[in-house]
Novice: 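Just passing along the structure, written as structure tokens.
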Amino acid sequence: MKTNLLNNKASSAIAMLINLLMAFVVYNICRVAYMLENYSYLGEHQTAATLLDIFRGGYMFDRSAIVYTNSLYIVLMMLPVFYKETRIIHKVEKWLFVVVNSLAVIINLCDAVYFPYTLRRTTTSVFSEFSNDNNIAGVFMTEFVHHWYLVVLGILLIWLMWRLYVSPRVLASQMKTTAERVKYTIVMTLCLAAAVPLSIGACRGGLGSGIRPITINNANQYVERPIDCALVLNTPFAMLRTIGKSVFNVPNYFASTDEAEKIFSPVKNNGKSMDGDSTDTVMRKKNVVIIIVESFGREYIGALNKDLDDGKYKGYTPNVDKLIEKSVTYKYSYCNGRKSIDGMPSVLCGIPMFVEPFVLTPASMNTYTSIAGLLTAEGYSTAFFHGANRGSMGFMAFANKTGFQQYYGRQDYAADKRFGGDGDFDGNWGIWDEPFLQYYCAKMGEMKEPFMTALFTVSSHHPFVVPDKYKNVYKEENLPIQKCIRYTDMAIGKFFDEASKQSWFKNTIFVLTSDHTNQSDHAEYSTDLGRFCSPIIIFDPSGELAPGMREAVAQQIDIVPTILGHLNYSKLFFSFGCNLLDTPAEETFAVNYLNGTYQYVKHGYVLQFDGEKTKAVYSLDDRLMKNNLVGKVKYQQEMEQEIKAIIYQYMFRMVNDKLMPNK
């Protein structure tokens with residue numbers, strides 16, 4: 001029995017790989033069946049190129065789903081314990097594999113039938129969606145009969161998995177000596193050690209430093225039409241990634257949506273006069289440039305903190321300070337989330353973060369667009385820039401989903417011979433801000449006007465390092481991030497110096513903000529509200545917007561309506577923010593969510609609402625938020641009703657896929 005014993009020692013690993021490969025084949029057969037069953041939706045417009053992208057993206061999601069669902073099987077197969085290698089255990093392994101993957105087949109094929117009703121892959125919300133229906137069994141049986149061919153396909157796939165399953169050849173009884181058992185243990189231990197990181201990477205979508213666990217929203221990266229995400233995804237993945245993610249529940253604050261609509265509506269129309277009549281104002285075809293600076297909290301900017309440290313505070317942003325002298329800023333300005341993935345929907349779509357990051361929830365598959373999508377329809381060229389790897393943070397998928405025509409990342413920068421190539425990679429996240437901002441400026445010079453672009457910087461991010469050539473220029477200060485802020489500020493200054501020389505410069509409106517805030521060394525920026533203080537800077541080189549700080553409240557979700565208002569965009573659009581240029585200062589507001597509490601800023605106060613009642617009210621002059629004025633502020637009831645209306649509209653529209661003005 002010594003023949004091929006060395007090979008047999010690894011046969012559990014080899015058998016497992018063959019069987020998992022079979023699972024990939026089965027998933028792709030289900031994907032083809034899904035497309036053919038819904039051919040009018042998903043098939044007839046496909047080309048060889050689009051199908052290649054779909055199956056390429058599908059591999060990543062199949063890989064994740066297969067490893068998640070087969071994790072117990074993988075552990076059992078790879079366990080370096082020789083006495084588990086018996087015919088009984090091998091049969092248990094076979095049954096486990098076939099049962100688990102048969103469930104995946106059934107779920108995928110059933111979802112092919114359900115797709116026309118939802119136009120997306122089924123998530124765990126389906127259980128609550130039909131929790132009160134008593135006729136599901138009858139409906140299921142009817143569809144079972146009507147789609148008998150899918151039933152036949154399912155049975156065939158399950159039979160093939162059983163028939164073609166490869167069992168390990170090695171048996172404990174073959175390992176007679178201690179040496180053979182030790183060799184087996186060593187080989188299988190090494191195989192297990194290799195399998196662990198590979199499995200983690202498969203589940204997450206990769207192991208790179210810029211990779212976050214993939215979600216259903218990442219499917220947008222591989223499609224031209226949002227509906228095709230259903231082909232990229234598989235249903236087991238969609239359900240696994242939304243377990244516990246049913247975060248949007250419509251509260252019972254109002255008897256009807258009409259009641260909430262009277263208090264607050266996210267559907268905007270800049271094309272109406274004050275009396276509600278439509279206007280015929282011609283749209284300004286100005287370029288739009290939105291720069292989202294990583295971790296660029298308001299605290300770091302000297303020009304926005306002239307009273308800090310008894311008026312002695314200088315900040316870390318001399319170049320942005322100069323920009324502010326020519327720009328519109330606001331006395332109070334806030335971000336709408338605490339993560340980079342929150343900043344994108346807030347800044348570009350007017351959608352704040354409530355409860356969970358929007359792009360990590362099933363609602364990210366709803367129909368919605370961004371300022372890029374709206375302006376693309378008006379003849380604009382649009383592009384999104386991020387110095388990290390393509391796909392990092394899910395930004396490429398998000399940009400594609402929301403209407404950006406082009407995406408430029410680290411690989412595109414490296415391919416441009418005018419710049420420093422991958423030698424400008426920071427070793428962690430992406431291309432250093434200084435060269436990438438110059439690349440950004442150069443690429444805009446190649447775009448057809450009018451254009452709309454957005455850029456997300458990377459350098460002011462943990463681990464908080466600067467290029468070697470600047471280590472003696474931007475030295476360590478009170479906080480690790482501060483030297484990075486100085487470096488990025490320098491990069492922004494050089495960008496505007498170069499941009500000012502371009503022919504498109506004066507016909508461009510610039511917006512500069514942050515994705516979120518970061519480290520703080522001032523108490524007022526470490527409070528519940530202070531942690532959301534971000535700059536909102538609007539610069540119009542043409543001089544049409546008078547510079548200066550305005551006595552108003554601003555937030556990221558105001559950027560879309562404000563810019564569209566300045567452009568005289570006259571169509572309906574969707575945003576939870578307001579047009580800061582024509583909204584009275586006393587009606588401007590900000591909203592954010594922190595650990596179960598909604599914070600609502602208006603009328604010089606911040607109200608903290610836990611979803612049921614007001615917990616606290618603080619004056620904005622009370623910067624350390626020490627004096628709770630709940631029950632003592634005349635605006636409290638009004639503010640409560642308004643935040644309830646905002647929450648209601650948010651939840652209702654997320655749950656019912658109404659993130660467009662005409663839905």
Novice: We want to know whether His522 and Asn305 form a side-chain donor-acceptor pair, criterion being a heavy-atom distance below 3.5 angstrom.
Specialist: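 There is no such pair between these side chains.
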Novice: How far apart are the closest heavy atoms of Ala523 and Leu624, and which atoms are they?
Specialist: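 The answer is CB-CD2, 3.5 Å.
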Novice: Strictly distance-based, threshold 3.5 Å: is any side-chain N or O of Asp558 a donor or acceptor partner for the main-chain N or O of Gly577?
Specialist: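 Looks like no, no N/O pair under 3.5 Å.
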Novice: Consider only side-chain N and O atoms of Ser295 and Ser460, and report whether a donor and an acceptor are under 3.5 Å apart.
Specialist: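 Ser295 vs Ser460: no donor-acceptor pair found between side chains.
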Novice: Ignoring hydrogens and angles, tell me if any N or O in the side chain of Asp610 forms a donor-acceptor pair with the backbone of Lys613 under 3.5 Å.
Specialist: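 Checking the backbone N and O of Lys613 against the side chain of Asp610, a donor-acceptor pair under 3.5 Å is found.
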Novice: Taking Gln636 for the side chain and Val617 for the main chain, is one N or O donor matched with an acceptor at less than 3.5 Å?
Specialist: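 No; zero donor-acceptor contacts below 3.5 Å.
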Novice: Look at the side chain of Glu299 and the backbone N and O of Asp521, then say whether any donor-acceptor pair between them is shorter than 3.5 Å.
Specialist: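 Checked: pair present.
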Novice: How long is the span from the CZ atom in Arg531 to the NE2 atom in His516, to the nearest 0.5 Å?
Specialist: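 Reported value, rounded in 0.5 Å steps: 13.0 Å.
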Novice: Short question: side chain of Arg121, backbone of Leu233 - any donor-acceptor pair under 3.5 Å?
Specialist: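 Indeed, once roles are kept as given, a pair shorter than 3.5 Å links the two residues.
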Novice: Can you measure from CD1 (Ile537) to OG1 (Thr329) and round to the nearest 0.5 angstrom?
Specialist: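 Rounded to the nearest 0.5 Å, the CD1-OG1 separation comes out at 7.0 Å.
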Novice: Would you kindly say whether Tyr593 and Asp342 are connected by a side-chain donor-acceptor distance under 3.5 Å?
Specialist: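 Tyr593 vs Asp342: no donor-acceptor pair found between side chains.
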Novice: Show the nearest heavy-atom pair for residues Thr588 and Val553, with the distance to one decimal.
Specialist: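 Answer, listing the atom of Thr588 first, then Val553: OG1-N, 2.9 Å.
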Novice: Is the backbone of Leu580 close enough, under 3.5 Å, to the side chain of Thr583 for a donor and an acceptor to pair up by distance?
Specialist: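 It does not hold such a pair.
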Novice: Give me the one residue out of Thr369, Ile371, Thr382 that meets side chain to side chain contact (heavy atoms under 4.5 Å, CB included) with Thr376.
Specialist: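 Looking at Thr369, Ile371, Thr382, the match for Thr376 under the side chain to side chain contact (heavy atoms under 4.5 Å, CB included) is Thr382.
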Novice: Run the salt bridge (Lys or Arg N to Asp or Glu O under 4.0 Å) test on Asp528 and Lys615 for me, step by step, so that the C-alpha distance in whole Å, both residues' side-chain angles and the decisive distance to 0.1 Å come before the verdict.
Specialist: CA-CA 13 Å; Asp528 288 347; Lys615 298 168 56 179; over 6 Å; no
Novice: Would Lys401 and Ser364 count as having a side-chain donor-acceptor pair, cut-off 3.5 Å?
Specialist: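 No - no donor-acceptor pair under 3.5 Å links their side chains.
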Novice: Aromatic rings Tyr332 and Tyr334: how do their planes relate, parallel, tilted or perpendicular, breaks at 30° and 60°?
Specialist: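 It falls in the parallel class, under 30°.
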Novice: Could you tell me whether Lys285 atom NZ has more than 12 heavy atoms of other residues or ligands within 6.0 Å of it?
Specialist: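 Yes.
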Novice: Atom CE in Met353, atom CG in Asn336: separation rounded to 0.5 Å?
Specialist: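 The distance works out to 9.5 Å.
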Novice: Would a distance-only check, ignoring hydrogens and angles, find a side-chain to backbone donor-acceptor pair under 3.5 Å from Asn628 to Val630?
Specialist: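 It does hold such a pair.
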Novice: Between the side chains of Arg298 and Ser333, is a donor N or O closer than 3.5 angstrom to an acceptor N or O?
Specialist: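 There is such a pair between these side chains.
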Novice: Between CG of Leu304 and CD1 of Ile536, what distance do you get to the nearest 0.5 Å?
Specialist: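 Atom-to-atom, Leu304:CG and Ile536:CD1 are 10.5 Å apart.
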Novice: Could you check Tyr648 against Tyr253 for ring-ring contact (aromatic ring centres under 6.0 Å, His included), going step by step and ending with a plain yes or no?
Specialist: CA-CA 7 Å; Tyr648 182 92; Tyr253 301 146; 7.3 Å; no
Novice: Quick one: do the Ser265 and Gln649 side chains pair a donor with an acceptor below 3.5 Å?
Specialist: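 Their side chains do not contain a donor-acceptor pair, so the 3.5 Å distance test is not met.
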Novice: Assess the side chains of Glu261 and Thr257: does a donor N or O sit below 3.5 Å from an acceptor N or O?
Specialist: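 No pair is found: no donor N or O on one side chain lies under 3.5 Å from an acceptor on the other.
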Novice: Please indicate whether Arg550 has more than 12 foreign heavy atoms, meaning atoms of other residues, nucleotides or ligands, lying under 6.0 Å from its CZ.
Specialist: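 It does: Arg550 CZ has more than 12 such atoms within range.
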Novice: Given Phe576, which partner from the list Tyr368, Phe589, Phe358, Tyr650 fulfils the ring pair (Phe, Tyr, Trp, His ring centres under 6.0 Å) test?
Specialist: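 Of Tyr368, Phe589, Phe358, Tyr650, ring pair (Phe, Tyr, Trp, His ring centres under 6.0 Å) with Phe576 is met by Tyr650 alone.
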Novice: Take atom CG in Asn252; do more than 12 heavy atoms of anything else shown fall under 6.0 Å from it?
Specialist: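 It does not: Asn252 CG has 12 such atoms or fewer within range.
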Novice: For Thr361 and Glu356, which I'm curious about, is there any donor-acceptor pair between the side chains at under 3.5 Å?
Specialist: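 Not at all, the side chains of Thr361 and Glu356 share no donor-acceptor pair under 3.5 Å.
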Novice: Is it true that the side chains of His462 and Asn518 contain a donor and an acceptor less than 3.5 Å apart?
Specialist: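 No, because no side-chain N or O of His462 sits under 3.5 Å from a partner of the opposite role on Asn518.
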Novice: Could you tell me if Glu642 and Tyr600 have a donor-acceptor pair between their side chains, going purely by distance under 3.5 Å?
Specialist: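 Distance-only check passes for Tyr600 and Glu642.
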Novice: Can any side-chain N or O of Gln482 pair as donor or acceptor with the backbone N or O of Leu479 at less than 3.5 Å?
Specialist: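 A pair under 3.5 Å: yes.
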Novice: Answer yes or no: is there an ion pair linking Lys602 with Glu587, defined by an N-O contact shorter than 4.0 Å?
Specialist: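 So Lys602 pairs with Glu587 through a salt bridge.
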Novice: Using the rule side chain to side chain contact (heavy atoms under 4.5 Å, CB included), only one of Asp433, Leu512, Thr457, Thr317 pairs with Ile492; which is it?
Specialist: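 So the option named by the test is Leu512.
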Novice: Kindly check if the number of other-residue, nucleotide or ligand heavy atoms within 6.0 Å of CD (Glu612) is above 12?
Specialist: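 Not more than 12 within 6.0 Å, no.
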Novice: Counting only N and O atoms by type, is there a donor-acceptor contact under 3.5 Å from the side chain of Ser575 to the main-chain atoms of Ile557?
Specialist: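 Yes, Ser575 side chain to Ile557 backbone: donor-acceptor pair under 3.5 Å.
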Novice: Sub-3.5 Å donor-acceptor pair from the side chain of Asp489 to the main-chain atoms of Val320, do we have one?
Specialist: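 Judged by distance alone, yes, a pair lies under 3.5 Å.
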